[in-house]
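When a ligand or atom number is given, it counts from 1 through the structure's own listing order. Every heavy atom of this structure was used, including side-chain atoms; hydrogens, water molecules and symmetry mates were not.
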Amino acid sequence: MYRMAKSIVSKKKEGKNPIIAEIKVFSPKHGDLLRGRNEIDILRIYEEAGVAGISYITDKRYFRGDFNVFKKICASTDLPVLRKDFITSKEEIERTAEAEGSAILLIGRLLKEKTSEFVDYALEHELDTLVEVHSREEMEIAKGTNTTMIGINNRDISKLERDDGNVSLTEKLSKYLPKGVVSVSESGISTLEDLKVALKYTDAALIGTSFMRAEDTLNFVKSFVDAKLY
Ligand SMILES: O=P(O)(O)OC[C@@H](O)[C@@H](O)c1c[nH]c2ccccc12
């Protein structure tokens, strides 16, 4: 297993809730999320809260991401960093590895029959792969690959957050997850109740908006990492 998957498994062993915390600067639904803060300030808060890994969206068009910020985040932390973007070229996989990223998001719906070769190419570059699915059909695409991780996106990414996805999709799709793959519930997780459902059916939760909108980010994120859910 690679660094992101390993970090999730070891957090679980420590009795902590494995959380991938997203440094999300902007969302089509809520607008500006950074609120004048610096991405590295958010990174330090997430580190102190004890998260398993970091996620950063490099997409510029809809999420106002910046690849140079991704590089800076990777250079500034020992935590594994996931690059989220609408990846459609192998050059982008190479750039992610060159930037010292630990994992890369590959969207099954976008890559379709190319998903498997993109996964293998990323694995050859020592990257964990998070193949993201939103349906049973996309889950079958993911199962046909060598991916180290599968993410169930509770939202339909093509709707750019205009839909109100919730963790019920994780419950519905998790029964089709293959063995031996680290699973992640993504999006729409804003309460400990949501987290309880997410971690009942998957190994980790990926959270962005609710962390970025919290008034007391450190204690809010800590409450998610440390909550005794069961
Ligand atoms: O902000 P939320 O609801 O906690 O969701 C985080 C993350 O799952 C979401 O930003 C995301 C999931 N898949 C993506 C693909 C591209 C851009 C963003 C995403």
Side-chain angles (χ1 to χ4, degrees), residues 4 8 17-35 39 42 46 49 51-67 69-70 73 81-88 92 96 101 103-111 115 118 122 128-135 138-139 141-142 147 149-170 173 182-195 197-199 202-214 217 220-221 223-225:
M4 182 65 85
I8 288 167
N17 298 316
I19 308 275
I20 300 174
E22 189 156 275
I23 300 173
K24 189 166 185 174
V25 302
F26 181 88
S27 107
K29 180 171 181 178
H30 295 285
D32 173 45
L33 294 173
L34 201 50
R35 292 186 280 140
E39 292 88 349
I42 305 289
Y46 285 168
V51 301
I54 300 294
S55 169
Y56 178 77
I57 304 165
T58 53
D59 167 77
K60 195 182 285 288
R61 185 170 173 199
Y62 302 109
F63 291 87
R64 299 193 189 170
D66 179 332
F67 189 76
V69 171
F70 173 73
I73 291 167
V81 183
L82 163 70
R83 179 189 180 190
K84 281 209 161 184
D85 207 327
F86 302 94
I87 303 291
T88 54
E92 286 310 311
T96 306
I104 189 165
L105 180 78
L106 296 172
I107 301 175
R109 173 183 309 199
L110 208 54
L111 293 169
T115 306
F118 272 57
D128 260 309
T129 49
L130 180 67
V131 174
E132 179 170 290
V133 304
H134 183 68
S135 69
E138 292 167 24
M139 179 68 84
I141 292 174
T147 187
M149 302 166 65
I150 290 179
I152 297 173
N153 192 348
N154 297 310
R155 283 212 190 93
D156 175 345
I157 194 62
S158 65
K159 294 202 173 61
L160 291 174
E161 308 197 336
R162 279 187 296 278
D163 64 336
D164 278 331
N166 63 60
V167 283
S168 62
L169 188 76
T170 290
L173 288 183
V182 170
S183 55
V184 183
S185 178
E186 305 175 56
S187 305
I189 298 170
S190 57
T191 66
L192 292 181
E193 265 317 297
D194 294 338
L195 184 67
V197 173
L199 297 183
T202 54
D203 299 312
L206 193 153
I207 305 171
T209 301
S210 63
F211 283 2
M212 294 299 292
R213 299 184 77 199
T217 312
F220 188 71
V221 179
S223 72
F224 276 61
V225 171

Between Arg109 and Glu132, is there a side-chain N and carboxylate O pair less than 4.0 Å apart?
-> no

N-O pairing of Asp85 and Arg83 below 4.0 Å = yes

Pairs under 3.5 Å, nitrogen or oxygen of ligand 1 with protein nitrogen or oxygen:
residue	atom	partner	partner atom	Å
ligand 1	1 (O)	Lys24	NZ	2.7
ligand 1	1 (O)	Thr209	N	2.8
ligand 1	1 (O)	Thr209	OG1	2.5
ligand 1	3 (O)	Arg155	NH1	2.9
ligand 1	3 (O)	Arg155	NH2	3.3
ligand 1	3 (O)	Gly188	N	2.8
ligand 1	4 (O)	Gly208	N	2.8
ligand 1	4 (O)	Thr209	N	3.4
ligand 1	5 (O)	Ser187	OG	3.4
ligand 1	8 (O)	Lys84	NZ	3.3
ligand 1	8 (O)	Ser187	N	3.4
ligand 1	8 (O)	Ser187	OG	2.7
ligand 1	10 (O)	Glu22	OE2	2.6
ligand 1	10 (O)	Lys24	NZ	2.9
ligand 1	13 (N)	Lys84	NZ	3.2
ligand 1	13 (N)	Glu132	OE1	2.8
ligand 1	13 (N)	Glu132	OE2	3.4
ligand 1	13 (N)	Asn153	ND2	3.3

Quick one: pull up CD1 in Ile19 and CD1 in Ile189 and give me the separation to the nearest 0.5 Å.
-> 7.5 Å

Does any donor atom in the side chain of Thr170 or Ser185 lie under 3.5 Å from an acceptor atom in the other side chain?
-> yes

Excluding sequence neighbours, so at least two apart, what forms side chain to side chain contact (heavy atoms under 4.5 Å, CB included) with Ile141?
-> Thr115

Verdict with reasoning, Lys24 to Glu161, per salt bridge (Lys or Arg N to Asp or Glu O under 4.0 Å) = CA-CA 13 Å; Lys24 189 166 185 174; Glu161 308 197 336; 2.6 Å; yes

